[in-house]
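Numbers restart at 1 for each chain; the letters A, B, ... are given by sequence-line order, proteins then strands. The model shown is predicted, which means the values in this text are computed figures rather than measured ones.
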Amino acid sequence: DTEVTQTPKHLVMGMTNKKSLKCEQHMGHRAMYWYKQKAKKPPELMFVYSYEKLSINESVPSRFSPECPNSSLLNLHLHALQPEDSALYLCASSLRQGVNRNNSPLHFGNGTRLTVT
Amino acid sequence: SQQGEEDPQALSIQEGENATMNCSYKTSINNLQWYRQNSGRGLVHLILIRSNEREKHSGRLRVTLDTSKKSSSLLITASRAADTASYFCALANSGGGADGLTFGKGTHLIIQP
């Protein structure tokens with residue numbers, strides 16, 4: 001088991017639904033990340049939060065809306081998704097942002113398997 | 001942000017053999033990390049090697065870094081069936097600014113019992 005908890009583990013939603021993915025960590029990490037992973041592909045960075053502030057948005061469509069209510073929680077709100085958005089959504093955290101400067105490895109949750117019908 | 005390129009894309013070996021996978025990149029880096037992903041699970045951090053380091057060990061894992069050739073290798077010795085997984089190298093570019101990791105395409109390793 002990982003120290004980053006993601007819920008739900010599986011989610012099936014229609015294109016008109018609104019749903020949210022949740023991520024929680026209690027390691028005192030101050031940077032949190034959302035990645036999207038399609039089958040047999042590497043994870044792709046979507047968003048980075050540092051000290052509860054959005055610092056990176058990798059040109060993600062507005063139907064994905066991140067939220068960081070506090071240093072332990074990260075949400076991803078979903079609305080009007082398309083079938084091609086079906087993927088494994090991975091949350092990760094690191095001690096500090098600046099994986100580069102601070103050499104902080106990422107700790108991943110086990111993901112939410114999302115299917116859009 | 002740059003992406004590493006792993007080689008080979010897939011590797012199948014017998015249990016007990018050593019497995020070597022490589023990662024090449026194009027621009028300068030501050031560090032390079034290796035992660036493992038079991039099917040349908042999250043990624044697990046294995047080793048981080050800094051640009052001023054040439055080799056690191058962790059149990060049966062050995063990572064090398066050659067910044068002149070812009071390449072890294074991950075060696076798993078005495079492989080076990082449980083080592084079956086996808087292995088990704090991940091890069092954090094040198095230079096400051098907000099950043100996450102960019103993952104290579106990965107090597108899918110199968111250990112035959």
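Taken together through direct or relayed side-chain contacts under 4.5 Å among Ile, Leu, Val, Met, Phe, Trp and Tyr, A:M15 and A:L76 form part of one hydrophobic cluster. Under the 4.5 Å side-chain heavy-atom criterion for ILVMFWY residues, no single connected hydrophobic cluster contains both B:M21 and B:I110. A:Y89 and B:V44 fall into different hydrophobic clusters, where Ile, Leu, Val, Met, Phe, Trp and Tyr are joined by side-chain heavy atoms under 4.5 Å apart, directly or via other members. Under a hydrophobic-cluster definition in which Ile, Leu, Val, Met, Phe, Trp and Tyr are linked whenever side-chain heavy atoms come within less than 4.5 Å, directly or via other members, B:L75 and B:Y35 are assigned to different clusters. Clustering ILVMFWY residues whenever any of their side-chain heavy atoms sit less than 4.5 angstrom apart, transitively, puts A:L73 in a cluster other than the one holding A:M46.
The stretch residues 8-18 of chain B places none of its residues near chain A, where near means some heavy atom under 4.5 Å from a heavy atom of that chain.
Shown here for A:N110 and B:G42, the closest heavy-atom pair between the two residues is OD1-N, 3.1 Å. Nearest heavy atoms, A:P42 versus B:G104: CB-O, 2.9 Å.
Counting non-hydrogen atoms of other residues, nucleotides and ligands closer than 6.0 Å to NZ of B:K56 gives a total above 12. The number of heavy atoms from other shown groups lying within 6.0 Å of NZ (A:K41) does not exceed 12. Atom CZ of B:R80 is surrounded by 12 or fewer heavy atoms from other residues, nucleotides or ligands within 6.0 Å.
In this structure, A:V4 belongs to a hydrophobic cluster whose other members, linked by side-chain heavy atoms under 4.5 Å apart, are A:M27.
Rounding to the nearest 0.5 Å gives a distance of 11.5 Å between CZ of B:R41 and CG of A:L90.
Interface remark: A:Q37 contributes side-chain atoms only to the contact with chain B (heavy atom separation under 4.5 Å).
For chain A, the option among B:Q37, B:H108, B:K105 with the highest count of heavy-atom pairs below 4.5 Å is B:Q37.
A heavy-atom distance below 4.5 Å is found between the side chains of B:L101 and A:Y35.
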